[in-house]
Structure formats: C-alpha cells, structure tokens
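These values consider heavy atoms only, across backbone and side chains, with no hydrogens, waters or symmetry-generated copies. Here is the naming used below: chain letters follow the sequence lines, and residue numbers restart at 1 for every chain.
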Amino acid sequence: MIKITLDHGRTLEEPEGITVAQALQDLGVATDHKAVAASVDGELLDLGRTLDHDCTVAPVWLESPQGLEIMRHSAAHVMAEAVRSLFPGVKVAIGPAIEAGFYYDFDVAEPFTPEDLARIEARMAELVGADLPFKRREVSKEEALGLFREMGEAYKVELLEEIPADSVSLYRQGDFVDLCRGPHIPSTGYLKAFKLTGVSGAYWRGDEKRPMLQRLYGTAFATHEELNRHLELLEEAKRRDHRKLGRELGLFMVEEEAGPGLVIYLPKGAMLRSLIEDFERREHLKRGYQMVMGPQMLKADLWKRSGHWDNYRDHMYFSQVEETLYGVKPMNCLAHMLIYKSRVRSYRELPLRFFELGTVMRHERSGVLHGLTRVRQFTQDDAHIICTPEQVESEILGVLDFVFEVMTVFGFEYEVELSTRPEKSIGTDAEWELATGALHNAMQAKNIPYSICEGEGAFYGPKIDVKLKDALQRRWQCATIQCDFTLPERFDLTYVGADGGRHRPVMLHRVVLGSLERFMGVLVEHYAGAFPVWLAPVQAILLPITDRVHAYAQEVEGLMKDAGLRVELDGRPETLRYKIREAQLQKIPYMVIIGDREAESRTLSPRLRDGTEWKDIPVDTFVQRVQEEGKIPSPVKSP
RNA sequence: GCCGGCAUAGCUCAGUGGUAGAGCAGCUGAUUCGUAAUCAGCAGGUCCGGGGUUCGAAUCCCCGUGCCGGCUCCA
C-alpha cells in the first residue's frame, strides 16, 4: 500500500499500481473530462499513469494554463495524424505547444496550401469524434530508434540520437506514434475547440543551413467561447494595426520608391513624433542628462576600434568619401565616447549622462521589415552613462525608475528580462561576471521580478530589457540597459580619482522608449489611434454648421491657436453629420460644433470622441480645459 | 536571406485568354443643414517592372521589385 495525499487535502492508502485517475476519484475529485492530467509531486503525469510510491497529487484542470498547454500539445499530435493520413510520405519533425496555440513541422514534397488547412482541420474533427485514447509506452532508446528508422522518420531519429537517457516514452493515438515526453489528454475527444490558423516555412531546428520545413499553426481552447474570444482578439489586433491606422490617420508611410524600411512622416505623424521628443527632452533634463549630438557617419577606423567592424559590420552601411571609408552609425555610442575624451575628466564629474535623440541606420534583412516596428532607419532615445564602478548599481536603479515612471505615463504594463553573455562576444570572463552581477544586484535591491535569458546579451555586455505589454497583452521590446566594460577599455577612457591617479570608468548604454518609430507604432495600436489629448496631433476640430458663423469660427480658431492648442477648422460646405463622421474616424478628441446659437452667445458645443455632447460652453472654459488636458503629463514616481 | 501567398484608380476591392469596373476619396455645381455619409455631374489606370507564350495577356510561363504571414536575425 502507498500513501496518496491530495494537494491541500486528505490522504488515502491505496494499492501500489493504482492509476492517477482512480486515485483522484477515490480522493473525491471528479475528474470527468475536466482534468487532463495530474501533477504528482510536482511532475506532470497522464491520468492513465500508475503510482508506486507515497506521493502528493493535484489534478490539472483543462482550463488552467498547464491544462491548456497539454491540450494544445495533444492537438499538435492530432494534427500530425491528420496530415499523415492525408499526405502519405510526409515526415514529421517537432510539434510543441506555444503561447496561445501549437504548431507541428512537416517535411512534405509540396508546401501546404490554405485550402489544405480546411481539409486537415476536417480530418482532425473526425479524429476527435472517434475519441481515440492517447496511449503511453516506455521503450528502450534502441527500440525507438529501430521503430522510427523503419518508418523513415529521419527527424525523429536525429532527435532520439541526442537524447542521453536509455529509455524514452512514445505516445500513440489511432495510427500515429510520436516520440514525446508527455503528458497528454486522455483521449482525442477532450479536444473541443480548435482551429488551424496558418502555414509557413520554418527551418529544421531553427537553422537556416538545414532543410526548410512546412509549419502548420493552430490554436485550441477549453471552450468554443474562449476560442472565439481569442479569434476576436486577433481581429481587434488587425483593426488596430499601426500600418492600417498609420495610413488612415495620415501619420506615416513607407514608399517603395524611397526604399523599404524607411519611414516617411506625414504632418500628423511628425507632430506626434515631435510631442514624444518634447516629453523625452524634458524628462531627461530633469534627471541630470545632458543633451549631445553626434554625426551621422564616422570613419570606419573608429568602428574597427570599437569592435563594431568585427561584430556588426554586416548590419552597417558604408560610404567611401574621397580616400576614406566611413560607416553610417548603427549606434550612437562612438561620438559619446569622443565627447567624454574631449578633456580630462575628474571623479567629481561622474556620473556623466549623455543623451541624444540619435538617428541610426541598420541593414536589416529584407524579410524582417515590418511597419514602424522593424525598420532600417530609426531614432533612439539613447544615452550613455559613464560612471565609476561603484556607481553602476545606483545608475542602473535610476534608469529602471525612469523607465517604470515613463511606462505609467503611457499606461503600459511591463516585464523585465536579464540577458547574459552570448557566444559571439568580447571582453574577459571577469568583466562579464562583474557586469552581470551588477545587473542582478540592482534588480534584487529593488525587488523587481525578472526572468533570465541565457546567451541573449549584447556582444559587449549583459543587458536588462523591459518588455512592455500593450492593451492587447502583446509584448514589445522597448527599454534596454546594457553594461559595457569593454568600450571604455578600447577607447582608453579614464578619470582622475580622489587619489590623483587615473582610473577606468564603466559605461552603460540605455534607451527608455527604444526606437521612437517602434514606440510610435506600439502607441498607435495601444490607443487604437485615439491618442490622449496631450499626444493627439489634432486636439480639436471646429465644425461650423453654416456659413453665417464662419467669421466666429475663425475667431475661435485664432484664440485657440494663440492658446497653444492644435486645432483645425472644417469650413467645407458639408453637412454637420458628414463632418462629424470624418472627425470621428480621425479620432480627434474634441469636435466643436458651432452654430447660430453658439455664435450668438459666444460659446461652443464640443462633442467628445465617445459621443458625449457638451452644450454652450464659454470659449475660455473650453480652451482652459483642453490646455489642462493637453499638458505633458509628469510621471508618477515608481515605488 | 529562406518558405509560402499577394500586387488592378489615392483607398478598399471585382474582373480565369477577346475593347479595364464598382464603392469611397478627388474635382465642378447645387444644397446652408444641430451631433457618424445631401444630391447631380466630371475626371481618374504603363492592371508592380522586365522578358516570353499567343492572332490576342490584367489573366498563362520565367526573372526581378515590393508587401503580407512565418523562419532566421534583432547589438
């Protein structure tokens, strides 16, 4: 007999070899079609597994994050079975669950067409209808190798060869056997609400030198309602797409004639950008940064010295000027180094914080360009902090505070990641340890929760990334703080210490919003184009009803402009309904209706974007209100 | 860069080998109107570029460019 304890519940004596499902039932947990697996002493197991020692069990419910992941993984297996039956000769690669869905990679002679998706989905529905059980079998690695070799599943064989363990588990449902760690749902009937969402190419093991496979994407949820909600969220994301809104709202364009990945700002987009820049300058000056500006290109020799030539050349643009090769800057650090070196520096000056709205050019590969979020020329809110080693931690904390405060201004939630040394990098082990330690310490000191990304750091140092989450819970890379012990070395930066000797400072690279282009794109989608008054390119539009009030409307326009408001006057001989519709589609915060009544009493009747109507407000009152609302917000100090 | 799809008027899109279409936007005129589209008329195209097949190509084939979805990359 063994003792089985229900998590947070009672304990029972059960015979050895009892199944997980039976044990849960005996413990009074009704698992019928709601539990998909169980956590046994923290390990996820199928409900059909047997128990042979004292343990604690907890059911994994279908609708829990773990349950959904298990179901999605099983859905991938079902999809693979469907593909196998419809496309004889196909080889299967890997098929994991991913965030909000799953995929499976196939080696198939002809790429899948969108029409194939419907066929595969229909076949999957049949398999689900058959309610085939998932059967687990543990076999020796040798046996598994033999099995997959016989089936001609070369990818599975390759995976198996890399597994160090002597035995592996196989899962079979219907005619489909897969090498898999599990666990899985008890049977295909558990899979209710699923949908195939796309097909694309994907390299085997993510390596562009290996074969290109065909990847089928799908998603699955516990209920049809949740699946529909998810699909609606995707629709909403499409409606908010900054590329679509960017055109509709007259913000920006990217023209083939000018070049891919090169953003052209239209008047309203340029206004928005300059409002963000004003905000940035003010906030940086408040925090002890000094504004600097560097040239657009610098001699290639300098990029060799910095290490960019060896590590970043493929992403740079070069130009031969007379006899000399120049590199267009992909980063802003070089000029900042030269500024530091322009005279002898004392420890009393440190930390020095050089801030630049620096426009950089990077040669991104053609297939990766995307609206404003991935471009070839962009402007960073970049700064380099040069300080003593002792100041590193407090400087990092200062930047983190800055970032968090700015995120609250725009209403973003965020997550923090720490990235460690990548394979291709410069500097000594000791320097990397010191830098990485400083970043860890800073975050632990502030009690900031963060995750670690091994090997994702910059070539010159470890970094902290802040990923913000927009209104649709999508994550975007914006802020990053990078520790750099090598550039000061390479450029021989020094400061004179209290002891009169020369010492080596440390440098931090950091951006808050990151790329202004990307941030604008994210903002457009976050606000769905309905910018708060302080960011709205046009804050108010005056809509005179008849020509009789035109003079009054012009007078109001002048008053509002004098008050520093961004106002437009729509004097076209159109109906009020028509003008309101257009202004509404442009998401202008205030539509100001001006008719005979308003002209008579020298008032205004503003309509808000949400449809609220205000009647007969004195001009001054309205102007003050918009002025107040249009002030650049001050960040709230983060705790 | 790689895999797949797409490219027709400013925008959204019809048009499967036989004289290029619609709605919206634009222009002109009429309408002076109270909270999401007033009416009428006009104009607008190297059908992405280049080559080929064909009596004839927006349509079929090849090459390029760009965009979209992914992969890879993202310092």
Side-chain angles (χ1 to χ4, degrees), chain A residues 103 105 108 110-116 197-217 238 241 243-244 247-248 253-261 306-308 311-316 330-333 360 362-371 373-375 378 380 382 419 422 424-426 456-463 465 477 480 482 484 509 511 514-515 518 543-550 572-586 591-598 605-609 611-615:
Chain A
Y103 69 80
D105 285 346
V108 57
E110 292 288 317
F112 296 115
T113 65
E115 295 74 55
D116 291 337
T197 51
V199 53
S200 77
Y203 299 108
W204 167 234
R205 318 204 97 178
D207 184 342
E208 59 188 291
K209 292 177 196 74
R210 316 279 311 255
M212 170 75 68
L213 307 173
Q214 291 299 312
R215 176 170 297 178
L216 287 174
Y217 284 93
K238 222 181 259 180
D241 191 319
R243 293 165 299 182
K244 179 169 137 60
R247 184 176 46 243
E248 289 171 1
M253 58 184 190
V254 181
E255 286 290 290
E256 186 178 349
E257 269 186 293
S306 66
H308 288 83
N311 292 283
Y312 203 68
R313 188 179 23 181
D314 293 347
H315 291 271
M316 289 178 65
M331 299 180 201
N332 301 299
C333 31
V360 298
R362 297 182 184 177
H363 177 228
E364 300 290 353
R365 301 217 260 176
S366 58
V368 305
L369 301 173
H370 182 94
T373 59
R374 201 68 191 279
V375 294
F378 57 99
Q380 296 177 301
D382 202 3
S419 297
K424 197 174 176 184
S425 59
I426 53 182
E456 300 285 312
F459 74 81
Y460 45 73
K463 61 176 184 171
D465 288 326
Q477 161 81 60
T480 168
Q482 303 172 351
D484 190 342
H509 307 248
V511 292
S515 146
R518 174 179 291 176
L543 308 177
I545 297 174
T546 91
D547 289 348
R548 291 189 298 279
V549 296
H550 220 91
R572 295 174 303 170
E574 297 288 351
T575 59
L576 180 63
R577 287 163 60 77
Y578 184 86
K579 293 184 193 179
I580 284 177
R581 179 183 153 80
E582 286 211 334
Q584 196 79 51
L585 290 173
Q586 286 296 305
M591 286 149 271
V592 182
I593 285 85
I594 300 177
D596 289 326
R597 203 177 67 224
E598 286 80 6
S605 293
R607 172 197 164 102
L608 278 59
R609 273 186 294 215
T612 306
E613 293 171 24
W614 293 346
K615 302 277 199 240

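Side-chain contact check for A/R518 and A/Q477: no donor-acceptor pair (N or O, by modelled atom type) lies under 3.5 Å.
Along RNA chain B, the nucleotide nearest to A/F112 and the one nearest to A/F378 differ in position, and the one closer to the 5' end is contacted by A/F112. Residues A/N311 and A/R607 each lie close to RNA chain B; by heavy-atom proximity, the contact nearer the 5' end of the strand is made by A/R607.
Taking side-chain N and O atoms only, A/R247 has a distance below 4.0 Å to OP1 or OP2 of B/rU12. Close to B/rC73, at under 4.0 Å from its OP1 or OP2, lies no side-chain N or O of A/R362. Close to B/rU38, at under 4.0 Å from its OP1 or OP2, lies a side-chain N or O of A/T575. For the pair A/H370 and B/rG69, the criterion of a side-chain N or O lying under 4.0 Å from OP1 or OP2 is met. Phosphate proximity of B/rG69 to A/R243: present, with a side-chain N or O under 4.0 Å from OP1 or OP2. In this structure, A/K579 does not reach the B/rA36 phosphate: none of its side-chain N or O atoms is under 4.0 Å from OP1 or OP2. Not one side-chain nitrogen or oxygen of A/Y578 sits closer than 4.0 Å to the OP1 or OP2 atom of B/rU32.
Per the geometry, CD belonging to A/Q482 stands 7 Å off P belonging to B/rA75, to the nearest Å. Taking atom CD on A/E248 and atom P on B/rC24, their separation rounds to 17 Å, with Å as the unit. One atom, CG of A/D382, and another, P of B/rA75, lie 13 Å apart when rounded to the nearest Å. Atom NZ of A/K238 and atom C1' of B/rC67 are 15 Å apart (whole Å). At whole-Å resolution of the value, CD1 in A/I594 and P in B/rG34 are 16 Å apart. Protein atom CD of A/E256 is 14 Å distant from nucleotide atom C1' of B/rC68, rounded to whole Å. Atom P of nucleotide B/rG70 and atom CG of A/D105 are separated by 15 Å, given to the nearest angstrom. One can place CD of A/E257 at 12 Å from P of B/rG10, the figure rounded to the nearest angstrom.
Taking atom P on both nucleotides, B/rG41 is separated from B/rG51 by 41 Å, rounded to a whole Å. Across B/rA58 and B/rA7, the matching P atoms stand 15 Å from one another, rounded to whole Å. Annotation: B/rG45 and B/rG49 have their C1' atoms spaced 16 Å apart (nearest Å).
Between the side chain of A/Y203 and the base of B/rG70 there is no donor-acceptor pair of N/O atoms closer than 3.5 Å. The base of B/rC73 sits with one of its N or O atoms less than 3.5 Å from a complementary donor or acceptor on the side chain of A/R374.
Pairing of B/rG21, defined by two Watson-Crick or G-U wobble distances under 3.5 Å, is identified with B/rC13.
The aromatic rings of A/Y460 and A/H308 sit tilted relative to each other, their planes meeting at an angle between 30° and 60°.
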